[in-house]
Amino acid sequence: MLYPLSYEGETSGNVSVGAAFDAIGQTCQYMSDPIAALIDLLQPVFDEIAGPDTVSESGHPDPTVRPSDHADAQINGALSLAKLLGDNPRALAQRVVDSGVLDNVASSHVAGPGFINVTFSPQFLAGELAAVASADGVGLVPSEQPLQVVVDYSAPNVAKEMHVGHLRSTAIGDSLVRMLEACGHSVKRENHIGDWGTPFGMLIEHLLDLGEADAAEALSLGDLNGFYKEARVKFDESDEFQERSRQRVVLLQGGDGETLRLWEILVGLSAAYFNTVYETLGVLLTDDDLVGESHYQPLMPGVVDRLATAGLLEESDGADVVFPPGFENREGDPLPLIIQKGAGGFNYATSDLACVIDRTERIGADLILYVVDAGQSQHFQMVFAVARMAGWLDDEIEAVHVPFGIVLGTDRKRLKTRSGEPVRLVALLNEAVSRADAAIADKNPDLDEDTRHDVARSIGIGAVKYADLSTDRVKDYVFDFDRMLAFEGNTGPYLQYAHARICSIFRREEVERAPMRTAPIELAEPQELALAQQILGFPSAVDAALESYSPHKLCTYVYDLATTFSAFYEHCRIKGSPEPTYSSRLALADLTARVLERALGLLGIDAPEQM
RNA sequence: GCCCUCGUAGCUCAGUUGGAUAGAGCACGUCACUUCUAAUGACACGGUCGCAGGUUCGAUUCCUGCCGAGGGCGCCA
């Protein structure tokens, strides 16, 4: 586990092994997740069987506890430990069973070549559920060792339209931020917008040509691509405009007051537009998170100086560069990271190094995440390598590129409009919402119009985000309205419906949910036991998702929870059941709804109470 | 040419760091509705885990080599 989570329960401790941090190895006595509880109980037994000499040589033997098809859980660690000790695996597994450490929580027996099958006792699970039900975090509580994390994501360009590529960075980054904060970490969001560079000479001159008022109107209408393209056309066709643009870049970089004022108009109008998109998407980003490329310009000379002082800077073809080992170009020669161009300007490698310095030295980051497309992989490897050579990153401060694949159309080619341009993000979102609206109108005609529009927005946006988040981010994924908006299968609408349906149970029964949180829980039916274990696995699911910065692992968990609840709901009737079964099942329903809502919340997805 | 990522059912995807018989959804077929929301369920069908070796008690997972797809490879960001 990379992130030290603690769990609600009678006592709590941590299991923590971090890439950037030394293994702490402190195990907790009690966790809400029954699998984690097993590990705590088993570790001392495995240590004892291995003996102190083996532990000091090979480390603590891993009990290797996994969910099982043959029981609630299986312990596989006896096989590897037996191999290490040259012992008989079944006999060794039997020693674990005979130790009796699991007797209070589960029954266990040896199976096959040395697996131990474990079945949790209903009383144990009910007790764990009671602890979780009475707490606000439904199992999730803040870490005792919070980190300072910087998450760099979204990053649209000023005077350019946002497209599906920005959707991925924004949705994934937003979810990671929410999960990190839920685990108690201090998170600084940074929206590294493209607000600097040579295109701004051209854009400012175009602004002047249009007149500020007309330009402001054009940009505030959201026609950012049109503005940019007009400027580009003039730049390509007119030598005079091109020359003016070049001079304007010089003025901008020189800090000319009037030029900066015009530049700020462009940035301000774009930022306002971005905010409308973020609001539609329902993500956390605001103006406070804007840290554009311009922010790092004053820091650039310092980067060069410090690299030079460190003796890392070399001159190559007129440019100042650093050669990080292990990178080669097409000819097999060392590949440089260009710090200062031959003409004197800086480029984005320098800017990214300035970022690293700013984030580690000013913000005090322990961990920096870059949610940027997979095509930038080599670039980040080189930047991180140079930052380590310069000592700005080390074993205590980790920078991680969190890459993602591209968005494909149903033809499996990069999603584009018919004319070959990137699809505007707002157009996709609007269509998703209007399709959701039509679906709701069809399925639930009784809903009044205002409610329907609200619900349609939650469903449409949730569907798009869930489709983006629910597959392994590093792979390309197929954007398909029909699939993502379906109410069946692993989709946003299915999960939202699962939640809304539980809410409707309480409405129909005219029962308040809050009092159910202290109702005694009895677990008898297999579906009740399965649901209990699924609910208790929530913190572990969040932890697993964060460990690899993979929101899709949380998606898989939520989907499993929803289907497990469906089975429970099918087999375990609530309405008309005698007490205490009636209250117990309502308590399970309430808890399921709370975990669904919380988990969807961590994905940045609404959970409406009716739909 | 070198490097990175990916390859799992007809389609879209999981697979918890090496565990027992590789799982879902969609599509197709069957069943279940005056019943707590049938907008949710169940059953059936569907697999050479790209190919070939290797490591070991055991490999979709780790290593090597091929095949295929995408991306990257010095002054754009």
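The chains referred to below are lettered A, B, ... by the order of the sequence lines, with proteins before strands, and numbering in each begins at 1.
- The gap from the P atom of B/U16 to that of B/U61 amounts to 12 Å, rounded to the nearest Å.
- Pairing of B/C43, defined by two Watson-Crick or G-U wobble distances under 3.5 Å, is identified with B/G29.
- Residue-level contact check: A/Ala500 touches the bases, meaning some heavy atom is under 4.0 Å from a base atom.
- Comparing the P positions of B/U64 and B/U5 gives a spacing of 11 Å, expressed to the nearest Å.
- Using a 4.0 Å heavy-atom cutoff across all strands shown, A/Leu79 reaches at least one base atom of the nucleic acid.
- The separation between A/Glu570 atom CD and B/U35 atom P is 13 Å, rounded to whole Å.
- In a base pair of the Watson-Crick type (N1 to N3 plus N6-O4 or O6-N4) or a G-U wobble (N1-O2 and O6-N3), with each distance short of 3.5 Å, B/C13 is matched with B/G23.
- Under 3.5 Å, the side chain of A/Ser316 and the base of B/G74 form at least one donor-acceptor pair of N or O atoms.
- Of the candidate nucleotides B/A39, B/C36, B/A77, B/A77 has the atom nearest to the side chain of A/Lys341.
- Closest non-hydrogen pair, A/Pro325 versus A/Met389, comes out as CD-SD, 3.9 Å.
- Across B/C13, B/U56, B/A39, the shortest atom-to-atom separation from the side chain of A/Lys83 is found for B/U56.
- Residue A/His552 places at least one side-chain N or O under 4.0 Å from the OP1 or OP2 atom of B/G15.
- In this entry B/A69 has B/U5 as its Watson-Crick or G-U wobble partner, both defining distances falling under 3.5 Å.
- Annotation: A/Tyr559 is in aromatic contact with A/Tyr494 [ring centroid separation under 6.0 Å].
- For the P atom pair drawn from B/U34 and B/A39, the interatomic distance equals 13 Å after rounding to whole Å.
- You'll find the ring centres of A/His70 and A/Phe115 outside the 6.0 Å limit.
- For A/Tyr348 and A/Phe346, the ring centers are positioned 6.0 Å apart or more.
- Contacts of A/Pro403 with the nucleic acid, taken as non-hydrogen atoms under 4.0 Å apart, are absent.
- Across all strands shown, A/Pro113 has no heavy atoms under 4.0 Å from either base or sugar-phosphate atoms.
- Across B/A14 and B/G25, the matching P atoms stand 16 Å from one another, rounded to whole Å.
- We find that CG of A/Leu81 is positioned 17 Å from P of B/G19, with the value rounded to whole Å.
- In this structure, CG of A/Asn490 is placed 19 Å from P of B/C11, rounded to the nearest angstrom.
- Residue A/Tyr569 and nucleotide B/C36 are classified as a stacked aromatic pair, their ring centres being separated by less than 5.5 Å at an interplanar angle below 30°.
- Comparing the same atom, P, in B/G23 and in B/C45 gives a spacing of 14 Å after rounding to whole Å.
- Here A/Tyr494 lies in heavy-atom contact (under 4.0 Å) with sugar-phosphate atoms only.
- Taken from CZ in A/Phe538 to CG in A/Leu602, the straight-line distance is 5.0 Å, to the nearest 0.5 Å.
- Partner assigned to B/G18 is none, using Watson-Crick or G-U wobble distances below 3.5 angstrom.
- Note on A/Gly197: nothing from the nucleic acid sits closer than 4.0 angstrom, heavy atoms only.
- Put simply, CG on A/Leu299 and CG on A/Leu353 are 11.5 Å apart, with the number rounded to the nearest 0.5 Å.
- As rounded to whole Å, 9 Å separates atom P of B/A77 from atom OH of A/Tyr348.
- Residue contacts shown for A/Ala319 include a base, since a base heavy atom lies under 4.0 Å away.
- Heavy atoms of A/Asn444 sit under 4.0 angstrom from at least one base atom.
- The gap from the P atom of B/G50 to that of B/U8 amounts to 6 Å, rounded to the nearest Å.
- Counting any heavy atom pair closer than 4.0 Å across all strands shown, A/Asn117 reaches a base atom.
- B/A39 atom P lies 15 Å from atom CD1 of A/Ile505, rounded to whole Å.
- Spacing between atom CG of A/Asp560 and atom P of B/G41 amounts to 13 Å, rounded to whole angstrom units.
- Comparing B/C6, B/C13, B/A39 by their closest approach to the side chain of A/Val474 singles out B/C6.
- In this entry the distance linking CD of A/Gln527 with P of B/G41 reads 14 Å, nearest Å.
- Note on A/Arg412: only backbone sugar-phosphate atoms sit closer than 4.0 angstrom, heavy atoms only; bases stay farther off.
- Nucleotides B/U12 and B/A27 have their C1' atoms positioned 11 Å apart, rounded to a whole Å.
- Taking a pair to require two hydrogen-bonding distances under 3.5 Å in either a Watson-Crick or a G-U wobble arrangement, B/U56 remains unpaired.
- Stacking of the aromatic ring of A/Phe115 onto the base of B/A20 is found: the ring centres lie under 5.5 Å apart and the planes are inclined by under 30°.
- A centroid separation of less than 6.0 Å is found between the aromatic rings of A/Tyr296 and A/His192.
- Here the side chain of A/Glu579 pairs a donor or acceptor atom with the backbone of A/Ser583 at under 3.5 angstrom.
- Using a 4.0 Å cut-off between charged side-chain N and carboxylate O, A/Asp482 and A/Arg435 make a salt bridge.
- For A/Arg483, taking side-chain heavy atoms from C-beta onward, the closest of the listed nucleotides B/C11, B/A14, B/G74 is B/C11.
- Set against B/G25, B/C36, B/G74, the side chain of A/Pro336 has B/G74 as its closest nucleotide.
- At a threshold of 4.0 angstrom between heavy atoms, the contacts of A/Ser504 include nucleobase atoms, whether or not backbone atoms are also involved.
- Note on A/Ala111: a base of the nucleic acid sits closer than 4.0 angstrom, heavy atoms only.
- Among the heavy atoms of the strands lying under 4.0 Å from A/Asp472 are primed sugar atoms or P, OP1, OP2 only; no base atom is included.
- For B/A69, the OP1/OP2 oxygens have no side-chain nitrogen or oxygen of A/Lys475 closer than 4.0 Å.
- Here A/Arg330 lies in heavy-atom contact (under 4.0 Å) with a base.
- Straight-line distance from the CZ atom of A/Arg508 to the P atom of B/U35: 10 Å, rounded to whole Å.
- Distance noted for atom P between B/G47 and B/G10: 6 Å (whole Å).
- Each of A/Asp590, A/Leu586, A/Val511 was compared with A/Ile505 under the side-chain contact (heavy atoms from CB on, under 4.5 Å) criterion, and only A/Leu586 meets it.
- A donor-acceptor contact under 3.5 angstrom links the side-chain atoms of A/Gln74 to the base of B/A20.
- Along RNA chain B, the nucleotide nearest to A/Arg573 and the one nearest to A/Met611 differ in position, and the one closer to the 5' end is contacted by A/Arg573.
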